[in-house]
Amino acid sequence: MEESLSSKNFIEEFIEQDIREKGLSHIQTRFPPEPNGYLHIGHAKALSIDFSMAEKFGGSCNLRFDDTNPTKEDEEFVDAIMDDICWLGFHWAHVFFGSDYFDTCYELAVKLIKKGVAYVCDLSKDEMREYRGTLTEPGRNSPWRDRSVEENLALFARMKAGDFPDGTRTLRAKIDMASPNMNMRDPAMYRIIHMAHHHTGDKWCIYPMYDFAHPIQDAIEGVTHSLCSLEYEAHRPLYDWVVEQCEFQQKPRQIEFARLNLTNTMMSKRYLRRLVEEGFVAGWDDPRMPTLCGLRRRGYTAESIRDFLSRVGVAKADSVVETAMLEHCIREDLNAHAHRMMAVLDPIRLVVDNWPENTVQNIALDNLPGDETAGVRALPFGRELYIEREDFSYDPPKKYFRLKPDGEVRLKGAYIVKCTRYETDAAGNVTTVYCTYDPETRSGEGQRKVKGTLHWLPLQSAVAAEFRLYEDLLLPESGEAEALDFTQRLNPASIVKRHGFVEPGLAACPVGSRYQFMRVGYFCADLDHTAAAPVFNRIVSLKDSFKVVN
RNA sequence: UGGGGUGUCGCCAAGCGGUAAGGCACGGGACUUUGACUCCCGCAUUCGUAGGUUCGAAUCCUGCCACCCCAGCCA
């Protein structure tokens, strides 16, 4: 973990200031996801800020499901969200539901009516929009704005009792229809929705709006700092208004920060949902998805994601972080821990002509060079092997260090071999390469060096495996194409399957285990992996500075 | 257009009146039985822009420009 980013972000400075000036003794934050989808890496940024700010100041962070709209939410997502947070390694103090506070919200709404700062409005949705005015013109007062407290109280009670159909009335805050801030033009606080709620069942048919419920939830829980993304900045005056009117003594402070964006990745739930529902991906945990379950299945470690988040930082400027940064973090993590194995994704046969028939020699290979405690394993070297198709060329470009006619390479951990001839099929594809080995060059013996080293597998005992190679789901934005639907930007090569071989020992590896396949990339045994049918996801390729110059 | 925000290297991001941190990416070199890793070196005379204040400005002031958010009975 890089703690090099020693400077404080602006939120820490605000909190320190509050501790200094308001004498706060306990810092309380909250992570408030709406249970209507799976968490993605953008949520991970938000939650990591919520949890780490609390932790940094010795406070605590609650997990609160923001479930004030029964039409969109589902219990299905609650457990998944908790799983993802745990997986990332964060710990909440308490789990709450916004719906836990429905009674209090109702009482406070009644309080506001009694104070004359809330009223029941009979305007339809369209009428309300008309009355609201525009960005440049002030709105007009609702004709229902000046109902008596008694009438409002009676009407609100009837709303709660279910006397009115959906959409016929709302409870509105009485603020200022001429406010330059649209959010202050008598915003709705309660609407009528005759629908069962995943937590409260049929108890309610009126539900509080986010703008009313959120500050109340925060205040009740003793949240000192309510951290959220930039789009809520214009809601802060309303947030403060609710806290003030409800007369909470301890006033939570809302602070906004920029959300995370990644290149060639869309983070909106609407978009992710379409990918899943329209079959562009296999599910929420498709390894190409930016969801936490997708990244996890792909093979990303929680550590690498947290490291990434700490490197990205916290600020208020809109930004788009390059995926290369994320990839760097997982490479750095796996480079230190992932055992080095051999896998040939696109095999061709290599025959060692001067190797005796039916003879093998066990080659010892370090699991993790530089770390003896990781141990060694043996791989049988014999007359017939597999090498990677791209590691042989009969018409090599300049600076080609791999196998070519009359050229020499070392087979990793074994011998130096010299290419003598090759065979092709009718189409000109190489089918078999022939070579001779130099017995004096067994690994660790002899002085000869060659420029290239190839990974290989014994033909006899290699185990067939499927490799799934992933790239970004979306192609880069092409200038004016921004108006195009995302389906026009889908990368046809976002998943490519290869059928090759792995070391025999890898068939029985556990699902989720990660390896570096030497010279190829970092891979993870997929959920679909079995000993009988091994499947590996490419988490990320190795960096490759080989450039064909010509 | 009214309001609220933001503009520092290709991408993130420090900087808080004393003369541009760091990371990623990129380029060069060393090392190498992974063209990986590691290690060196390079990479903003300039901070959206134009003025002003000051001995001194990315930091203060003024104007302008660009981009983002707000007109849900979504969150």
Side-chain angles (χ1 to χ4, degrees), chain A residues 2 4-9 13 32-34 36 66-69 71-73 98 121 123-125 128-129 132-139 166-172 179-185 187-193 206-207 209-211 213-214 228-237 256 258 263 269 308 310-329 331-332 335-336 340 342 369-370 399-402 409-416 441 443-444 449-455 516-521 541-547:
Chain A
E2 302 298 304
S4 57
L5 291 79
S6 52
S7 60
K8 298 181 189 99
N9 66 50
E13 291 186 344
E34 182 182 18
N36 68 345
D66 215 332
D67 57 353
T68 55
N69 185 347
T71 67
K72 308 182 75 170
E73 294 135 12
C121 180
L123 252 25
S124 71
K125 196 177 237 181
M128 207 186 276
R129 181 164 41 242
R132 183 153 37 228
T134 67
L135 294 181
T136 48
E137 308 155 26
D166 290 6
T168 52
R169 281 175 231 263
T170 54
L171 181 75
R172 293 229 253 166
S179 172
N181 182 345
M182 300 295 287
N183 298 115
M184 300 300 268
R185 321 245 263 225
M189 302 301 223
Y190 263 93
R191 74 292 215 185
I192 301 171
I193 304 174
I206 57 171
Y207 292 91
M209 300 286 291
Y210 167 88
D211 282 317
H214 207 85
C228 62
S229 44
L230 250 27
E231 65 266 30
Y232 292 104
E233 217 154 16
H235 292 248
R236 196 186 332 133
E256 312 85 7
T263 51
K269 260 179 202 169
F308 169 70
S310 77
R311 288 173 188 249
V312 164
V314 181
K316 294 194 71 160
D318 293 313
S319 63
V320 182
V321 178
E322 291 177 347
T323 7
M325 183 102 87
L326 217 207
E327 293 178 344
H328 167 81
C329 293
R331 284 196 188 100
E332 188 173 81
N335 178 53
R340 271 54 171 173
M342 300 229 259
K399 294 231 188 151
Y400 186 78
F401 304 155
R402 286 107 105 138
V409 295
R410 173 174 291 283
L411 295 177
K412 176 71 188 176
Y415 297 89
I416 291 176
T441 59
S443 191
K449 287 189 183 303
V450 286
K451 192 71 179 156
T453 300
L454 306 188
H455 56 104
Q516 184 197 92
F517 291 159
M518 296 192 82
R519 304 209 310 128
V520 181
S541 66
L542 252 29
K543 287 189 75 173
D544 185 4
S545 60
F546 174 49
K547 292 177 199 68

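Residue numbering restarts at 1 for every chain, and letters A, B, ... go by the order of the sequence lines. Bear in mind the structure is a predicted one, so any value in this text is a computation, not a measurement.
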How does protein reach along nucleotides 32-42 of chain B, written 5' to 3' as B (base within reach of a heavy atom under 4.0 Å), S (only sugar-phosphate), or - (no contact)? BBBBSS-----
Rounded to whole angstrom, note down the P distance from B/rA57 over to B/rC70. 39 Å
Over all heavy atoms of both residues, which pair between A/V450 and A/V409 is shortest? Give the atoms and the distance, please. CG2-C, 3.7 Å
Whole-angstrom distance between B/rG22 and B/rG15, as gauged at atom P: 14 Å
B/rC11 and B/rG48: how far apart are their P atoms, nearest whole angstrom? 14 Å
Roughly how many Å apart are B/rC47 and B/rU6, using the C1' atom of each and rounding to a whole number? 15 Å
B/S/- along nucleotides 69-74 of chain B (protein heavy atoms under 4.0 Å) is SBBSBB
Rounded P spacing from B/rC74 to B/rC16 in Å: 45 Å
Identity of whatever pairs with B/rU54 - Watson-Crick or G-U, under 3.5 angstrom: none
Taking atom P in both B/rC12 and B/rG7, what distance in whole Å separates the two? 12 Å
Could you tell me which non-hydrogen atom of A/A258 sits nearest to which non-hydrogen atom of A/A317, and how far apart they are? CB-O, 3.4 Å
Closest approach of A/G413 to A/S443 (non-hydrogen atoms, all atoms of both residues): O-CB, 3.0 Å
Pairing partner of B/rA25 (Watson-Crick or G-U wobble, both distances under 3.5 Å): none
Test your reading of the model: is there a side-chain donor-acceptor pair from A/R519 to the backbone of A/M342, 3.5 Å cut-off? no
May I have the step-by-step check of side-chain contact (heavy atoms from CB on, under 4.5 Å) for A/M128 and A/R172, ending in yes or no? CA-CA 11 Å; A/M128 207 186 276; A/R172 293 229 253 166; 3.7 Å; yes
Using the side-chain contact (heavy atoms from CB on, under 4.5 Å) rule, take A/L411 and A/Y415 through it: C-alpha gap first, then chi angles, then the decisive distance, then the call. CA-CA 6 Å; A/L411 295 177; A/Y415 297 89; 6.0 Å; no
Using purine N1 to pyrimidine N3 plus N6-O4 or O6-N4 for Watson-Crick, or N1-O2 and O6-N3 for G-U wobble, each under 3.5 Å, what pairs with B/rA66? B/rU6
Could you check whether any side-chain N or O of A/E332 sits under 3.5 Å from a backbone N or O of A/H328, counting only pairs where one atom can act as donor and the other as acceptor? no
A/E34 bridged to A/K269 by N-O distance under 4.0 Å: no
Do A/E137 and B/rG2 share a donor-acceptor pair, side chain to base, under 3.5 Å? no
Rounded to the nearest Å, what distance is computed from the NE2 atom of residue A/H328 to the P atom of nucleotide B/rA25? 6 Å
Indicate syn or anti for B/rG72, taking the glycosidic torsion and treating anything within 90° of 0 as syn. syn
If you measure from the P atom in B/rU59 to the same atom in B/rC68, how many Å do you get, rounded? 25 Å
Nearest-Å distance once atom C1' is located in both B/rA71 and B/rA66: 23 Å
Heavy-atom closest contact (A/A213 atom, A/T68 atom, distance): CB-CG2, 3.8 Å
Check: A/M184 main-chain N/O paired with A/S179 side-chain donor or acceptor under 3.5 Å: no
Would you kindly compare A/P33 and A/S319 by the position of their nearest RNA chain B nucleotide and give the one closer to the 5′ end? A/S319
Looking at B/rU38, which nucleotide sits across from it as a Watson-Crick or G-U wobble partner, both distances under 3.5 angstrom, or is there none? B/rA30
